[in-house]
Amino acid sequence: MYIAGYHLPNPVLLAPMAGVSDLPFRQLCSELGAGAVVSEMVKANTLLFATTKTQKRLDCSGSVGPKIVQIVGNDPEQMALAARMNVDLGAQVIDINLGCPAKKVCNKLAGSALLADPERVQRILRATKNAVDVPVTVKIRTGTSPMQRNAIEIARIAEGEGMHWLTVHGRTRADRFQGHAEYDSIAAVVDAVSIPVIANGDITNALRAAKVLRYTRAQAIMIGRAAQGNPWIFREITHFLATGCELAPPSPSERLQVLLRHLDALYAFYGEEKGVRIARKHIGWYARGQHDAQHLRAQVNA
């Protein structure tokens with residue numbers, strides 16, 4: 001896959017995750033094998049660009065590979081303006097969020113709530129694409145509910161409006177993160193359009209990654225929650241796809257070294273006080289499945 005003049009080294013991408021995929025985490029995942037990484041979602045309201053929170057989310061300095069910034073909103077003109085401003089700030093790819101199921105986003109008729117309004121989706125995609133000279137991509141879910149799946153319709157709109165690629169999280173808005181990812185729905189989207197499709201949802205290890213790629217025939221996969229506390233998943237998947245052999249998990253020593261390096265990067269990026277607060281959740285994720293993890297989390301959160 002090529003995007004923004006970059007040849008992606010592999011088809012394994014880090015998903016945009018609010019409060020998780022900040023610059024330190026993106027840099028770490030790139031180092032450990034992610035073919036591309038996507039920023040946390042940024043609200044299209046450009047009046048918020050001056051806030052510290054948004055400025056941190058917009059920071060792509062030191063990023064490896066194409067600088068992909070995801071924007072979220074429901075107004076075509078506002079989305080277009082946000083896209084232009086992000087490109088001026090260094091974004092090399094704009095990703096449009098039509099997949100977030102969070103109530104605070106959907107209550108503003110943004111994110112996955114927009115799947116219920118294909119006409120507005122088309123206007124948003126067209127306005128954003130016409131506003132910038134960089135690739136525009138889009139991330140969706142399979143519909144608003146199990147009774148209202150319209151991923152193929154939205155995918156065809158995306159293709160018609162010149163989206164560079166389409167990521168499909170294999171759940172509906174109503175499903176949030178419950179149940180199992182719908183790989184049949186993703187495969188149907190792959191059959192319906194000619195633009196690259198990226199499969200997302202429940203890809204938790206190298207074996208699952210290979211199976212999802214084979215089953216859906218997607219051009220790439222995107223890893224979200226499975227990377228939390230486990231940035232090694234990218235090198236494990238890429239190694240398996242290249243060789244057919246499973247890579248040994250990181251040693252306890254490497255886990256500790258990466259964790260400490262990640263914490264140092266968080267403190268440097270956010271400052272010590274906020275960095276400590278943000279670090280707590282990452283430490284909890286790193287501790288999952290490790291000896292005495294419950295005791296460690298209790299100490300960190302004390």
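Predicted model only: the values in this text are computed from it and were never measured. Just so you know, these numbers use all the heavy atoms, side chains as well, and skip hydrogens, waters and symmetry mates.
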* Asked: Residues sharing Phe177's hydrophobic cluster, by side-chain heavy-atom contacts under 4.5 Å among ILVMFWY, directly or via others?
  -> none
* Residues two or more places apart in sequence or in another chain: which of them pass ring-ring contact (aromatic ring centres under 6.0 Å, His included) with Tyr215? -> none
* Distance-minimising heavy-atom pair for Gly35 and Asn10 -> N-OD1, 3.1 Å
* Asked: Quick one: does Asn107's side chain have a donor or acceptor within less than 3.5 Å of a partner on Lys104's backbone?
  -> no
* Check: Ser145 and Arg173 side chains under 4.5 Å, non-hydrogen atoms -> no
* To do: Kindly compute the distance separating NZ (Lys139) from CD1 (Ile198), expressed to the nearest 0.5 Å.
  => 9.5 Å
* State plainly whether the residues Glu119 and Arg126 are in salt-bridge range, i.e. N to O under 4.0 Å. => no
* **Which atom of Gln92 lies closest to which atom of Pro135, heavy atoms considered** => O-CD, 3.5 Å
* Over 60° means perpendicular and under 30° means parallel, so classify the ring planes of Tyr286 and His282, tilted if in between. => tilted
* Asked: For Glu159 and Lys129, what are the C-alpha separation, side-chain angles and deciding distance, and is it a salt bridge (charged side-chain N to carboxylate O under 4.0 Å, His left out)?
  -> CA-CA 12 Å; Glu159 180 179 37; Lys129 181 70 169 59; over 6 Å; no
* Derivation and outcome, side-chain contact (heavy atoms from CB on, under 4.5 Å), residues Val20 and Trp285 -> CA-CA 11 Å; Val20 180; Trp285 291 327; 3.7 Å; yes
* Do Arg149 and Glu182 meet the salt-bridge criterion of a basic N to acidic O distance under 4.0 Å? -> yes
* Working to the nearest 0.5 Å, report the span between OG1 of Thr144 and CG of Leu114. => 11.5 Å
* Asked: Would a distance-only check, ignoring hydrogens and angles, find a side-chain to backbone donor-acceptor pair under 3.5 Å from Asn74 to Lys108?
  -> yes
* Asked: Just wondering, are more than 12 heavy atoms of other shown residues or ligands nearer than 6.0 Å to NZ in Lys56?
  -> yes
* Take Gln148 and Thr172 through the side-chain contact (heavy atoms from CB on, under 4.5 Å) test and state the conclusion after the steps. => CA-CA 8 Å; Gln148 296 174 311; Thr172 69; over 6 Å; no
* Starting at CD1 of Ile154, measure out to OG of Ser112 and round the result to the nearest 0.5 Å. => 11.5 Å
* **Side chains of Val168 and Leu166 in contact at under 4.5 Å (non-hydrogen atoms)** => yes
Distance-only donor-acceptor hits, side chain of residues 264-277, under 3.5 Å, sequence neighbours excluded:
residue, atom, partner, partner atom, Å
Tyr270, OH, Asp22, OD2, 2.7

* Roughly how far apart are Arg208 CZ and Asn205 CG, rounded to 0.5 Å? -> 6.5 Å
* Answer yes or no: is there a side-chain heavy-atom contact under 4.5 Å between Leu125 and Val138? => yes
* To do: Mind checking ring-ring contact (aromatic ring centres under 6.0 Å, His included) for His7 and listing every partner two or more places apart, or none if nothing turns up?
  => Tyr2
* Asked: In terms of side-chain geometry, is the basic nitrogen of Glu40 or Lys53 positioned less than 4.0 Å from the acidic oxygen of its partner?
  -> no
* **Any Thr128 side-chain heavy atom under 4.5 Å of Met79 side chain** => yes
* Structure fact -> dist Asp117:CG -> Arg123:CZ (nearest 0.5 Å) comes out at 7.0 Å
* Structure fact -> Note: Pro101 and Arg141 closest approach over all heavy atoms is CG-NH2, 3.5 Å
* Between the main-chain N or O of Ala181 and the side-chain N or O of Asp202, is there a donor-acceptor pair closer than 3.5 Å? -> yes
* side chain to side chain contact (heavy atoms under 4.5 Å, CB included) partners for Ala227, two or more places apart -> Leu14, Phe25, Ile223, Ile233, Phe234
* Asked: Is any side-chain heavy atom of Met222 closer than 4.5 Å to a side-chain heavy atom of Ile203?
  -> no
* Mind checking whether Ser21 and Val37 have side chains closer than 4.5 Å, heavy atoms only? -> no
* Structure fact -> Applied to residues 216-230, the side-chain hydrogen bond (donor to acceptor under 3.5 Å, both in side chains) test, sequence neighbours excluded, yields Asp191-Arg217
* Asked: Does some side-chain heavy atom of Glu31 sit less than 4.5 Å from a side-chain heavy atom of Arg235?
  -> no
* To do: Apply the test side-chain contact (heavy atoms from CB on, under 4.5 Å) to residues Ile140 and Leu115: give CA-CA distance (whole Å), side-chain angles for both, the deciding distance (0.1 Å), then the verdict.
  => CA-CA 8 Å; Ile140 70 171; Leu115 298 175; 4.2 Å; yes
* Asked: What is the distance from atom NZ of Lys67 to atom CZ of Arg26, rounded to the nearest 0.5 Å?
  -> 10.0 Å
* So do the side chains of Ile94 and Val134 get within less than 4.5 Å of each other, counting heavy atoms only? -> yes
* Is there a donor-acceptor pair closer than 3.5 Å between any side-chain N or O of Asn86 and the backbone N or O of Leu89? -> no
* Asked: Looking only at heavy atoms, which two atoms of Gly179 and Arg171 are closest? And how far apart?
  -> O-NH2, 2.9 Å
* Structure fact -> All heavy atoms of Val69 vs all of Ala91, minimum pair found to be CG2-CB, 3.7 Å
* Asked: Between the side chains of Asp95 and Thr137, is a donor N or O closer than 3.5 angstrom to an acceptor N or O?
  -> yes
* Asked: Any chance CD of Glu153 has more than 12 other-residue heavy atoms, nucleotides or ligands included, within less than 6.0 Å?
  -> yes
* If you look at every heavy atom in Ile152 and Ala192, which pair is closest and at what distance? -> CG2-CB, 3.8 Å
